[in-house]
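To start, the structure itself, in structure tokens.
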Amino acid sequence: MRHNFKKIEPKWQEKWEQTGVFKAVDYSDKPKFYGLVEFPYPSGAGMHVGHIKAYSSIEVVARKRRMEGYNVLFPIGFDAYGLPTENYAIKTKTHPRIITDRNIEKFSNQLKKVGFSFDWDRVVDTTQEDFYRWTQWIFLKMFDKGLVYRDKAWVNYCPSCKVVLSNEDSQGGKCDICHSDVVQKSKDVWYLRITQYADKLLEGLEQVDYPENIKQQQINWIGKSTGAFVDFSVKGIEDKLEIYTTRPDTLFGVTFMVIAPEHPLIDKYRDMVANMDEIEAYRAECNKKTEFERTQLVKDKTGVKIDGLTAINPVNGKEIPIFIADYVMMGYGTGAIMAVPGHDQRDYDFAKTFGIDIIEVIKGGNIEECAYTGDGQMVNSEYLNGYDNKKDSIARMIEELEKLGIGRAGVQYKMKDWAFNRQRYWGEPIPIVHCEYCGDVGVPYEELPLRLPDMEDFEPGQGGESPLARIDSFVACKCPKCGRDAKRETDTMPQWAGSSWYYLRYIDPHNDKCLADMDKLEYWMPVDWYNGGMEHVTRHMIYSRFWHHFLYDIGVVNTPEPYAKRSAQGLILGPDGDKMSKSKGNVIDPLDIVSEFGADTLRTYVLFMGDYGVATPWNDSSMKGCKRFLERVAALTDMLTEEEHSKSFETKIHMTIKKVSGDIENMKFNTAIATLMALLNEIYNVGSINKEDLGIFLKLMAPFAPHLAEEMWEAIGGEGMISTAQWPSYDEAKTVEATIEIGVQVNGKVKATITIPRDCDKETAIKLALEEFRVQKAIGDKTIRKEIYVPNKIVNIVAK
RNA sequence: GCAGUUGUGGCGGAAUUGGCAUACGCGCUAGACUAAGGAUCUAGUCCGGGCUUACUGGGUGCGGGUUCAAGUCCCGCCAACUGCACCA
């Protein structure tokens with residue numbers, strides 16, 4: 001047979017669709033497997049090779065599971081709300097609904113051409129009413145439970161996209177979508193209290209099977225620290241200046257305080273401040289700096305001493321100056337710090353610049369030169385003297401602070417509450433009504449979905465308000481509580497909303513009573529294996545874990561954690577080794593590969609190209625090598641024999657089954673394919689193969705190259721489709737040859753190889769080793785001191 | 001700076017977890033078949049020396065160590081990648 005992919009690929013794709021072999025069955029008696037991939041954003045550019053790689057892993061596992069007798073749920077959908085579509089819609093003056101539908105159709109066709117075994121009956125689209133109805137429902141539930149609040153706040157604002165961004169979406173001070181500089185702007189912001197779930201999100205990590213680096217990233221993102229809040233009094237005023245510190249043990253070393261430039265204390269007592277002009281000038285300078293510049297100036301500490309306000313160190317009564325400096329952020333802790341220059345490098349740099357006292361309170365370093373951040377015994381600290389610093393002093397100090405009523409133990413998180421509203425058209429309307437008398441009132445559940453109104457002109461408003469604000473008929477409404485005239489909220493939800501729970505909807509995609517039926521959830525959840533990109537580890541995954549924990553708490557899902565296991569693929573780089581990008585012109589279009597070399601070639605290559613988790617450059621020649629492999633496989637139908645296989649070939653078959661099966665489970669797809677290639681080479685060496693063995697080979701290959709496997713399976717008269725055939729099993733005893741080759745070392749250097757019966761005794765092995773000419777030569781007239789034999793591994797002769 | 005990961009042929013990468021380093025693929029070299037080869041097949045390919053099929057030296061980023069035996073374990077460097085970052 002020739003590898004006629006142009007004929008066989010459409011043929012089998014059609015058969016799979018007609019027979020519905022990939023449809024998941026609710027409540028089947030078989031064991032279940034829920035494999036999930038991150039659903040795509042249906043951009044106009046169509047699919048990227050990165051999508052192929054991201055989906056191929058679970059695709060292979062799902063196909064293997066079906067052959068192993070599992071009832072498999074392997075769904076796909078579209079995360080279709082979002083800015084790129086909206087911006088494109090504005091640019092082309094086409095409604096985003098039209099663009100979205102067009103893109104989804106394009107994506108669906110492309111996905112089908114690659115032969116992914118998705119269950120197409122369960123497709124979800126986050127922009128459809130019957131989906132976003134439940135996104136709004138979850139929001140309202142959170143609102144009811146007090147997890148939603150509105151606040152005026154300085155927010156990250158992208159002047160180009162004209163939207164408020166979450167911290168996650170503005171990392172490094174750049175807009176995640178258009179990469180322009182983010183500015184701070186005062187806005188009405190809807191927040192979700194994700195911080196209330198910080199501890200649950202941390203604890204949940206102990207129950208799931210995520211790679212260590214992913215867990216670590218999430219832990220860092222949540223950024224929990226334990227320490228203490230301490231009140232410093234300020235001379236002449238009532239208000240206390242509250243600080244947060246992780247090092248209450250160093251309180252006696254505090255020689256000054258620093259507060260954030262925008263700290264409210266300054267304005268409240270501006271009459272007492274002698275150098276307000278200087279402070280205002282410094283503030284103006286800070287505002288000009290971009291986030292990037294602020295992080296660049298790590299060494300040269302800048303700041304201004306506040307003339308007229310003096311703080312008092314609560315543990316020893318010493319008067320200490322207060323500064324403002326931009327290295328203290330309003331957004332973390334209390335926006336004020338106690339500075340311990342002896343034991344914190346930033347404080348040290350600052351103290352040196354401004355000539356402030358530096359006191360040693362922990363022995364072990366030389367504070368003449370730099371801050372000592374290590375551990376040691378406490379000194380100059382009255383009742384703490386002699387204690388070990390962290391271990392004992394922290395507890396002792398907190399005890400003291402609590403006794404005096406000037407401090408308390410506390411925790412802080414780097415993670416902030418989730419800014420949840422966008423002033424954009426293409427998103428889920430936030431189902432809230434503003435009533436003059438009742439305040440913010442949730443839209444009644446029975447009125448959901450709150451439909452996104454149709455609109456001709458969906459450009460963002462100039463003042464940064466939502467386009468929906470221009471539709472009077474949408475804004476005007478009655479208060480659901482008191483019935484008086486009220487106004488609707490006009491902001492929409494961020495793109496992360498729909499993706500925070502989409503995996504639940506696959507389980508029951510058409511349910512109009514609830515987001516998913518509990519019995520079905522009980523059957524399918526949790527997701528057994530979720531694959532996606534590293535870039536979603538700290539945002540999408542944390543958001544969706546948060547939502548899931550919430551849904552668990554209100555009793556609508558049956559597991560606290562949504563994803564039992566997570567893995568991540570590495571990028572496919574351009575042939576030049578750089579990240580693929582249109583501007584560099586190094587983008588590979590997967591559909592070009594499908595039409596020129598076939599989907600099976602593409603699928604096999606993206607998994608063969610390297611370690612699945614590591615970024616690997618695309619290589620055309622290497623890809624053609626996979627094509628050659630499939631052609632050589634196709635030719636096997638011309639090498640059929642009636643003869644029984646040899647003993648040694650039988651070993652190779654069993655070895656291959658074991659290796660391929662294990663490698664797929666461990667995501668070592670490259671070596672799984674390499675093993676199949678090696679077995680193919682062996683078949684060519686033998687020159688023929690019988691039907692039964694070829695069947696095994698095809699089954700092992702089927703998850704990678706399913707079209708060719710089906711075609712050949714049919715050609716050799718295999719029963720049914722290979723997609724539903726039984727995965728081959730192996731006999732452990734038959735995976736090893738009766739005789740094996742092992743190396744013989746003399747003083748640790750390999751000198752020869754010998755063939756020994758498997759599991760033979762030491763005596764025999766040593767005897768055979770010593771018969772070798774090269775071994776004898778290497779020993780020469782030296783005396784043998786030791787003979788080491790590790791069964792089936794190695795012989796080492798130690799001679800002196 | 002902190003956290004995590006990784007350094008192996010000309011290239012992508014293997015190595016059953018301490019036991020024959022370089023599997024598999026690409027590329028390259030030679031040959032075969034061809035009108036032709038950017039197709040296919042055969043052989044070779046870690047580097048060096050050598051009487052080029054029973055020979056020999058070196059070799060997994062660098063320097064030490066443990067061990068009969070180290071790509072793998074330990075200590076100290078160097079480099080790269082990813083994420084976070086004046087986080088108090």
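Order of the sequence lines fixes the chain letters, A, B, ..., with proteins taken first and strands second; residue numbering starts at 1 for each chain.
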Sugar-phosphate, base or nothing in reach of E741(A), heavy atoms under 4.0 Å: base
Contact list for residues 769-793 of chain A, test side-chain hydrogen bond (donor to acceptor under 3.5 Å, both in side chains), sequence neighbours left out: D759(A)-N792(A)
Touch class at under 4.0 angstrom, heavy-atom based, for K777(A) against every strand present: sugar-phosphate
P gap between G25(B) and C41(B), integer Å: 12 Å
Toward the 5' end of RNA chain B, by each residue's nearest nucleotide, A615(A) or K786(A): A615(A)
Integer-rounded Å distance: U5(B) C1' and Q569(A) CD: 17 Å
Sugar-phosphate, base or nothing in reach of T753(A), heavy atoms under 4.0 Å: base
Touch class at under 4.0 angstrom, heavy-atom based, for D611(A) against every strand present: sugar-phosphate
Phosphate contact (A3(B) OP1 or OP2) by K414(A) side-chain N/O below 4.0 Å: no
Check: Y730(A)/S661(A) side-chain N/O donor and acceptor closer than 3.5 Å: no
Sugar-phosphate, base or nothing in reach of N796(A), heavy atoms under 4.0 Å: base
Phosphate-side-chain proximity, R628(A) and U40(B), N/O vs OP1/OP2 below 4.0 Å: yes
Spacing of N747(A) atom CG relative to C68(B) atom C1', expressed in whole Å: 8 Å
Separation between the C1' atoms of C87(B) and G83(B), rounded to whole Å: 16 Å
A14(B) OP1/OP2 closer than 4.0 Å to side-chain N/O of N670(A): yes
Results of side chain to side chain contact (heavy atoms under 4.5 Å, CB included) for A409(A) - residues two or more places apart only: I398(A), E402(A)
Phosphate contact (C68(B) OP1 or OP2) by K749(A) side-chain N/O below 4.0 Å: no
Sugar-phosphate, base or nothing in reach of R785(A), heavy atoms under 4.0 Å: nothing
Gap in Å between the two P atoms, one belonging to A69(B) and one to G27(B), rounded: 41 Å
Anti or syn - G59(B), cut at 90° from 0: anti
Side-chain N,O (T616(A)) to OP1/OP2 (G13(B)) below 4.0 Å: yes
Separation between the C1' atoms of C11(B) and G49(B), rounded to whole Å: 27 Å
Distance, C1' atom - from G50(B) to G57(B), rounded to whole angstrom: 11 Å
U16(B) phosphate, OP1 or OP2, under 4.0 Å from N792(A) side-chain N/O: no
Sugar-phosphate, base or nothing in reach of G223(A), heavy atoms under 4.0 Å: nothing
Position toward the 5' end of RNA chain B (nearest nucleotide), E212(A) or A678(A): E212(A)
Length of the line joining D663(A):CG and U16(B):C1', which is rounded to integer Å: 10 Å
Separation of the P atoms in U16(B) and U52(B), to the nearest angstrom: 37 Å
Sugar-phosphate, base or nothing in reach of A339(A), heavy atoms under 4.0 Å: nothing
S567(A) side chain to N531(A) side chain, donor-acceptor N/O pair below 3.5 angstrom: yes
Interatomic distance where CE belongs to M677(A) and C1' belongs to G12(B) [whole Å]: 12 Å
Nearest-Å distance once atom C1' is located in both G59(B) and C47(B): 8 Å
Interatomic distance at C1', G10(B) relative to G44(B), whole Å: 16 Å
Any donor-acceptor N or O pair under 3.5 Å, side chains S57(A), Y612(A): yes
Short side-chain N/O contact from R632(A) to OP1 or OP2 of U40(B), under 4.0 Å: no
Any R346(A) side-chain nitrogen or oxygen under 4.0 Å from OP1 or OP2 of C87(B): yes
Distance test, side-chain N/O of Y244(A) to OP1/OP2 of A88(B), below 4.0 Å: no
Sugar-phosphate, base or nothing in reach of K668(A), heavy atoms under 4.0 Å: sugar-phosphate
R346(A) NZ/CZ over Y327(A) ring centroid, <6.0 Å and within 45° of normal: no
Salt-bridge present (E38(A), R566(A); N to O < 4.0 Å): yes
